[in-house]
Amino acid sequence: QVQLVESGGGLVQPGGSLRLSCAASGSIFKLNVMGWYRQAPGKERELVATITNDGSTNYADSLKGRFTISRDNAKNTVSLQMNSLKPDDTAVYYCYRMQLGREYWGQGTQVTVSS
């Protein structure tokens, strides 16, 4: 019912910035939650941030102040601005959407932070 496509991942040096974007298509409902999760090698998937349709945000405590989530309801997109990146931010980042009690996931985009 919902397809999510991420973009913007890549290789960045420590201290650098990246901006990830995710576009939703399919059966779109106004009341929803979108966000980002990530999974590093050998680690479990973890919350990065979520944002509701009315703009309420929730961040992982360790990422507050460095990462900022935003959305454009007209475009059905969600973005993640990542600043002051660290090597341990390296992970596959997955776009997330929840609507009508169902969860949807993107295919993931690789973010690598390395010199």
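Since we're looking at a predicted model, the values are computed, not measured. Count residues from 1 along the sequence.
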### Query
Are any side-chain N or O atoms of Q81 and backbone N or O atoms of T68, one a donor and one an acceptor, separated by less than 3.5 Å?
no
### Query
Checking S84 side chain against G15 main chain: does a donor-acceptor pair fall under 3.5 Å?
no
What closest approach, in Å, do [X] and [Y] show between heavy atoms, and which atom pair accounts for it?
X: S79; Y: R19; result: CB-NH2, 3.5 Å
X: R71; Y: N73; result: NE-OD1, 2.6 Å
X: V33; Y: T50; result: CG1-CB, 3.8 Å
X: L4; Y: C22; result: CB-SG, 3.8 Å

Under 3.5 Å, is there a donor-acceptor pair between the [X] and [Y] side chains?
X: N83; Y: S17; result: yes
X: Q39; Y: Y93; result: no
X: Q107; Y: E6; result: yes

### Task
Show your working on side chain to side chain contact (heavy atoms under 4.5 Å, CB included) between L85 and F67 and close with a plain yes or no.
CA-CA 9 Å; L85 284 163; F67 288 15; 3.9 Å; yes
Atom pair [atom1] ([X]) and [atom2] ([Y]), whose distance is rounded to the nearest 0.5 Å:
X: Q3; Y: C95; atom1: CD; atom2: SG; value: 12.0 Å
X: S56; Y: I51; atom1: OG; atom2: CD1; value: 8.0 Å
X: D72; Y: T77; atom1: CG; atom2: OG1; value: 4.5 Å
X: F29; Y: R97; atom1: CZ; atom2: CZ; value: 9.5 Å

### Query
Between W105 and R45, is there a cation-pi geometry (under 6.0 Å to ring centre, at most 45° from the normal)?
yes
### Query
Yes or no on side chain to side chain contact (heavy atoms under 4.5 Å, CB included) for V111 and T90, after CA distance, side-chain angles and deciding distance?
CA-CA 5 Å; V111 172; T90 296; 6.0 Å; no
#### Entry: Non-neighbouring partners of Y59 that pass side-chain hydrogen bond (donor to acceptor under 3.5 Å, both in side chains), sequence neighbours left out
none
### Query
For D89, which residues count as a side-chain hydrogen bond (donor to acceptor under 3.5 Å, both in side chains) partner, sequence neighbours excluded?
R38, R66
### Message
Tell me which one of L63, L20, V48 satisfies side chain to side chain contact (heavy atoms under 4.5 Å, CB included) with M82.
### Response
L20
#### Entry: Qualifying residue, where the test is side chain to side chain contact (heavy atoms under 4.5 Å, CB included) with N76 and the options are I28, N32, V2
I28
### Task
Establish whether Y104 and L80 are linked, either directly or via other cluster members, by ILVMFWY side-chain heavy-atom contacts under 4.5 Å.
yes
### Query
Are Y96 and V92 connected in the hydrophobic side-chain network, where two residues link if heavy atoms are under 4.5 Å apart?
yes
### Task
Run the numbers on D88 and K86 for side chain to side chain contact (heavy atoms under 4.5 Å, CB included), then give the verdict.
CA-CA 5 Å; D88 58 6; K86 305 174 181 179; 3.3 Å; yes
### Task
Report yes if some heavy atom in the side chain of T112 is under 4.5 Å from a heavy atom in the side chain of V12; otherwise report no.
no
### Query
Taking the side chain as C-beta and beyond, is there a heavy-atom pair between S115 and P14 under 4.5 Å?
yes
### Query
Are more than 12 heavy atoms from other residues, nucleotides or ligands located less than 6.0 Å from atom CD of Q110?
yes
### T109 and S7: CA distance, side-chain angles, deciding distance, side chain to side chain contact (heavy atoms under 4.5 Å, CB included) verdict
CA-CA 7 Å; T109 185; S7 62; over 6 Å; no
#### Entry: Output field: ring centroids Y94/Y37 closer than 6.0 Å
no
